[in-house]
There are 2 protein chains.
Amino acid sequence: MGKKTMISMAVVRRLPKYYRYLGELLRNDVERISSKELSERIGFTASQIRQDLNNFGDFGQQGYGYNVRALYEEIGKILGLNKNYNTVIVGAGNIGQAVANYTNFERLGFHLVGIFDRNPKLIGISIRDKVIQDVDNLEEFLKNNHVDIGIICVPKEQAQKIADIFVKCGIKAIWNFAPTDLNVPDDVIVENVHLSESLLTLSYRLNEAELFKEKIGR
Amino acid sequence: MGKKTMISMAVVRRLPKYYRYLGELLRNDVERISSKELSERIGFTASQIRQDLNNFGDFGQQGYGYNVRALYEEIGKILGLNKNYNTVIVGAGNIGQAVANYTNFERLGFHLVGIFDRNPKLIGISIRDKVIQDVDNLEEFLKNNHVDIGIICVPKEQAQKIADIFVKCGIKAIWNFAPTDLNVPDDVIVENVHLSESLLTLSYRLNEAELFKEKIGR
DNA sequence: AACCTATTGTTTATAATTTAACACATAATT
DNA sequence: AATTATGTGTTAAATTATAAACAATAGGTT
């Protein structure tokens, strides 16, 4: 399940953070940076930074380091930010609206082209100039409009049904906010945002010390 | 930076998923389950499941497997769900409101006791019976009310300032939705939810094949 | 121009994580 | 009651990820 990437996910998940830090450096007019200096800021080892970047090319120069702007742009390309993406959000509840209103994504090239819900009270309302449509029109809409990324913000009971429609209509990337795992073919990528799991991880860590104290006490 | 856990984060991040799947099994009246069967559903190897669980105790029985209800409750305890937590949300924009409206968290024992914002248009409005307060009152509030978890939903520019207030007032766990890394003492736990990083990871994976096709073509 | 310093890309070593193997215990079956 | 199945906890092996080491190279300096 899930096509294996050529680059390990451990590396891939660090890329956006490089991009973010380089963007900051750029805004602060820093022209060049060494892996050592970046290491101190970003919190990865210098060795790891060099290895990570070297998966994609020889971006640095001995004795000099990396040119911040050039590297920022390279990583942007690696992340696919030189392209534009059409997205639809299904589920216009709290999360759906929050995602719709994240104008930052627009700036990165992710264009929201449709919002859908099944709640008659929401249908017809506009979010960022996009009218919320009836989810019954989703399939029709996807047939007439090219969409790259489908965003699922419906309750978990309806998530698989929406995913099936996405898959049927040829969408290859799903951003899933529903607290459930989706079944999709191997060539479809699913990226989950499971808020509950994140909160429970925090809760675990908050209690860990005590947990093992008890264990010893027994 | 960041206290090291006794159990590796790789394991910890799987715990909520066990909890979720066991909860489903329980609702479906499944009484017992083997690591093999759970493996097929959850997508981890049976070996990994046994090793993960064995970090915390001997919950299974040879020839029988695991009792679903007992294991569900054990993992609940491990995750700290036998306790209650007071939380405050700072930043009542889209994300803040979305989190505030997640009634599921309440059911898990996470009680929202305060919401704060600096926008006069939001101050005074109620979300789930909680009046949004002026963020200038945050410190005062935290001195008079016990809060376990601080939730940061403000723009990145203000995030560190809020984190500093949390730390100053003795909060030991921060759930951070701002797209920035927070500086906190070692005994304070930060769990980040970086939506942009998640989206960029998706974008990367959507483009990966093409990326390496180009590389070879050069 | 020659030398020194900085810093990369890359190789090697170490550590962490995952998977497989298996001895032993329980449950089910005859 | 004896035997066979199942399925755990645990140890060992394999794999993957991270960190350290270092040779090679460009830039700065005298």
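Each chain gets a letter, A, B and so on, in the order the sequences are listed, and its residues count up from 1. Please read all numbers here as calculations on a predicted model, not as lab measurements.
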- [ ] Do nucleotides 20-30 of chain C as a string where each nucleotide becomes B, S or -: B if the base has a protein heavy atom under 4.0 Å, S if just the sugar-phosphate does, - if no protein is that close.
- [x] BBB-BBBSS--
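- Look at B:Ser35 and you'll find a side-chain N or O under 4.0 angstrom from OP1 or OP2 of D:dT8.
- Taking atom CG on B:Leu53 and atom P on D:dT8, their separation rounds to 9 Å, with Å as the unit.
- Rounded to an integer number of Å, the gap from CG of B:Asp52 to P of C:dT18 is 8 Å.
- A sub-4.0 Å separation between OP1 or OP2 of C:dT8 and a side-chain N or O of A:Asn54 is absent.
- The backbone N or O of A:Ala178 lies less than 3.5 Å from a partner atom in the side chain of A:Asn176, making a donor-acceptor pair.
- Relative ring orientation between B:Tyr85 and B:Phe110 is described as parallel, the plane-to-plane angle staying below 30° on a 0-90° scale split at 30° and 60°.
- Considering only side-chain N and O atoms, A:Tyr66 lies nowhere under 4.0 angstrom from the phosphate OP1 or OP2 of D:dA26.
- For residues 85-114 of chain B, every residue pair satisfying the salt bridge (Lys or Arg N to Asp or Glu O under 4.0 Å) rule, not counting sequence neighbours, is listed here: B:Glu106-B:Arg128.
- Between A:Ile33 atom CD1 and C:dA6 atom C1' the separation is 15 Å, expressed in whole Å.
- Note: B:Phe166 and B:Trp175 fail the aromatic proximity criterion, with ring centroids not under 6.0 Å apart.
- Straight-line distance from the CZ atom of B:Phe44 to the C1' atom of C:dT18: 12 Å, rounded to whole Å.
- Taking A:Tyr102 as the reference, nothing meets the side chain to side chain donor-acceptor pair (under 3.5 Å) condition, with sequence neighbours excluded.
- Protein atom CG of B:Leu38 is 13 Å distant from nucleotide atom P of D:dG7, rounded to whole Å.
- Annotated as anti: C:dA27, whose glycosidic dihedral deviates from 0 by more than 90°.
- The cationic atom of A:Arg32 (NZ for Lys, CZ for Arg) lies less than 6.0 Å from the six-membered ring centre of A:Tyr64 and within 45° of the ring axis.
- Side-chain nitrogen and oxygen atoms of A:Arg14 include at least one within less than 4.0 Å of the OP1 or OP2 phosphate oxygen of D:dT18.
- Atom CD of A:Glu40 is separated from atom C1' of C:dT7 by 14 Å (rounded to the nearest Å).
- Atoms CD (B:Gln48) and P (D:dT16) sit 13 Å apart, rounded to a whole Å.
- Side-chain contact, B:Tyr21 with A:Asp181: a donor N or O sits under 3.5 Å from an acceptor N or O.
- A 3.5 Å limit on both hydrogen-bonding distances identifies no Watson-Crick or G-U partner for C:dT26.
- Rounded to whole Å, the distance from CZ on B:Arg13 to P on C:dA16 is 18 Å.
- Base pairing analysis places C:dT19 opposite D:dA12; the two distances defining the Watson-Crick or G-U wobble pair are each below 3.5 Å.
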